[in-house]
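Working notes, beginning with the structure itself.
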Amino acid sequence: MADSPRHPFLQGLSKHRGAPPTVVVIFGASGDLTARKLIPAVYNLGFDNLLPADFFFVGFGRKIISDDEFRALAAAAVKEHSRRELKEDVWSRIAAHTSYVAGGYDEKAAFDRLAQHIAAIEQTIGREVQTLFYISTPPSVFAPILLNLGASGLAGKYAGQPHHAKVIIEKPFGRDLGSALELNATLRRVFQEEQVYRIDHYLGKETVQDLLVQRFSNAIFEPLWNRNFIDSVQITVAEDVGVGTRGGYYEQSGCLRDIIQNHTMQLLALTAMEPPVANEAEAIRDEKVKVLKAIQPINPGPGGDVARAQYAAGMIGGKTVPGYLQEADIAPSSATETYAAIRLSINNWRWQGVPFYLRSGKRMARRVTEIAINFKRAPGTLFAESDRFNLAANTLSFQIQPDEGLSLILNTKIPGLETRTQPVKMSFRYSTTFGSNTPEAYERLVLDAMIGDGTLFIRGDEAEASWKLCTPVLDAWAAAGRAGMESYVAGSWGPAGGDALLARNHHVWRQP
Ligand code: BG6
């Protein structure tokens, strides 16, 4: 699709967004994420002329393949997954600087070979380059990779200089508080915090970045953004897909670990944080950590703050789909949740008494991610008779995806010779104003890491604060096994327990 001429991304970036000469090394080079997201991201950065002139791309993996074979794999990934077609002139520039190093993640000698490979690149071009390591492997090998980056001297290269080595770590960042602390400790043995970029791809989404802009560049919101005017907040991350071929991974994860602990908590932090003192990484992340720390412990017990469920067979898009327990690689007695809902209380001046409801699930009625801010109702003195005055509470909703946009529900007079009212929706759609071919999250994130901007990445203390909240729930669920696990029909909006969580405060979930 042609880019809209009004698309701001094409108007050029400001000068300080240029990356220095960089070697990107991908661990897990033949993995699924590398093919679906990372290689297309690099290609599209090349397409937009955002890669530095001296840009090198190195795959590292256990498979023994040649440089040419890796280039062919990468080209195939672009053809299949890029948002834009493979253009020969763009791809050949990247391919000419693409190579592959084979080796085991626990094999120190392989990292020495990698170090020599990078030194040879520097010799060829006659200048120093920064290295950006992208760890996109199963978490079981995070630690050996990190330790070998340390032992080979790669992690400490150009320490203290702007072009010091950088490392991106893919999710999952731990599976509970203990393992996240351990991973942070391993990272800190090898890297300084400013070298570390923990990915949550939701932060790279345009609409998630826009949350900050909406909140802090529009003067009308801040005076209302508190317990005096807001009744409740609902954050929904719903998917219509099931676990598909990822059953093996998902059985070890579940909805709370897979989505709530990271993506949903990040949306909450951006919605609820105080205004940062500056538009820069540490100031923003300080505020996110503060609000996560102000969340009260979650009561995972019966009648508490949580609901969990698994999808049962149902209809999606006119087709019958199997239940979770019938999917491939799922234990028949699995106690892994595919839906989770949580009620959170934030104990600070801004939010005390305002419930934040979070929910996420696979095989829900449709794919939608949104943040809905429900305002308190106006006093009903003027328009009180319910037969003539259909009134809703004002709701501001950030439609994160799909159909990205922003809408506000307002009450309006129905044209006519008597006063009757009806709620109407005022909407803004990104696609209408800006066109639809926006950059993918990974493009922004890879570029930011090359530039050294950590704003859209999770700091170590943030990850820990979020795990601290979620771990008691995970522990309680692990102890309970299947006791308390509900089910919901695939293609529905989730189980009764999710509704009950809100009903206690006389709230209902929005049907986005
Ligand atoms: C990933 C989860 O982090 O996010 C997946 O592991 C999920 O299970 C995906 O499907 C959703 O991402 P998006 O960008 O499609 O909303």
Side-chain angles (χ1 to χ4, degrees), residues 28 31-38 40-41 44 81 83 134-139 142 168-175 180 197-211 235-268 270 308-311 316 321 324 327-330 334 336-340 358-371 398-405 430 436 438-446 456-458 463 466-467 470 474 490 512:
D32 185 52
L33 187 81
T34 302
R36 277 187 306 109
K37 300 290 182 189
L38 308 185
N44 280 293
H81 300 290
R83 69 187 166 96
Y134 198 123
I135 306 185
S136 170
T137 61
F142 285 180
I168 297 182
I169 303 215
E170 258 301 332
K171 66 171 283 208
F173 194 84
R175 50 178 289 108
Y197 297 79
R198 295 172 195 77
I199 284 244
D200 182 318
H201 78 280
Y202 266 56
L203 293 178
K205 292 183 190 274
E206 286 289 334
T207 41
V208 176
Q209 295 167 46
D210 192 37
L211 263 175
I235 303 181
T236 298
V237 180
E239 297 184 275
D240 55 1
V241 294
V243 287
T245 53
R246 297 169 73 224
Y249 154 77
Y250 202 80
E251 274 285 87
Q252 303 303 316
S253 169
C255 182
L256 193 67
R257 286 192 175 93
D258 190 44
I259 302 273
I260 301 262
Q261 182 275 335
N262 40 73
H263 308 326
T264 322
M265 284 292 189
Q266 286 297 317
L267 297 180
L268 176 141
L270 291 168
R308 65 175 169 142
Q310 288 172 340
Y311 58 85
I316 300 230
V321 295
Y324 180 64
E327 299 268 22
D329 302 322
I330 306 302
S334 167
T336 301
E337 79 290 352
T338 63
Y339 168 99
L358 275 44
R359 67 172 162 172
S360 178
K362 300 252 182 225
R363 286 287 190 225
M364 305 244 322
R366 67 185 188 84
R367 173 173 183 253
V368 59
T369 297
E370 71 154 32
I371 301 167
F398 296 90
Q399 185 87 19
I400 304 297
Q401 65 184 25
D403 201 14
E404 291 78 0
Y430 288 83
S436 57
T438 46
E440 285 245 359
Y442 278 91
E443 295 170 36
R444 173 70 194 247
L445 296 175
V446 170
L456 302 177
F457 295 85
I458 298 179
S466 175
W467 277 122
C470 293
L474 291 166

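When reading the values below, keep in mind they use all heavy atoms of this one structure, side chains included, and skip hydrogens, waters and symmetry mates. Order of appearance sets the numbers: ligands from 1, and atoms from 1 within every ligand.
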Distance from atom 12 (O) of ligand 1 to nearest protein heavy atom, with residue and atom: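 In this structure, atom 12 (O) of ligand 1 has His201 NE2, 3.2 Å as its nearest protein heavy atom.
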
With atoms numbered from 1 as shown, which atoms in ligand 1 lie under 4.0 angstrom from a non-hydrogen atom of [X]?
| X | answer |
| --- | --- |
| Lys362 | 5 (C), 7 (C), 8 (O), 10 (O) |
| Gln401 | 13 (P), 16 (O) |
| Arg246 | 5 (C), 6 (O), 8 (O) |
| Lys171 | 1 (C), 2 (C), 3 (O), 6 (O) |

Min heavy-atom dist Tyr202 to ligand 1 below 4.0 Å: yes

Looking only at non-hydrogen atoms, which of [options] approaches [atom] most closely?
| atom | options | value |
| --- | --- | --- |
| atom 14 (O) of ligand 1 | Lys205, Glu239, Arg257 | Lys205 |
| atom 8 (O) of ligand 1 | Leu33, Asp258, Thr369, Ile400 | Asp258 |
| atom 3 (O) of ligand 1 | Glu440, Arg367, His263 | His263 |

Any side-chain donor near an acceptor of the partner, Tyr430 and Gln399, under 3.5 Å: no

Any donor-acceptor N or O pair under 3.5 Å, side chains Tyr202, Asn262: no

Between OH on residue Tyr324 and NZ on residue Lys362, distance to nearest 0.5 Å: 10.0 Å

Spacing of Glu440 atom CD and His81 atom NE2 [to the nearest 0.5 Å]: 11.0 Å

Ligand 1 contact on Lys37 by region, counting heavy-atom pairs under 4.0 Å: neither

Identified side-chain hydrogen bond (donor to acceptor under 3.5 Å, both in side chains) partner of Gln401 from the options Lys205, Glu370, Glu206: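 Filter result, single survivor: Lys205.
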
His201 and Tyr442 aromatic ring geometry - parallel, tilted or perpendicular at 30°/60° bounds: parallel

Charged N-O contact under 4.0 Å between Glu443 and Arg83: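 The answer is yes: the pair qualifies as a salt bridge.
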
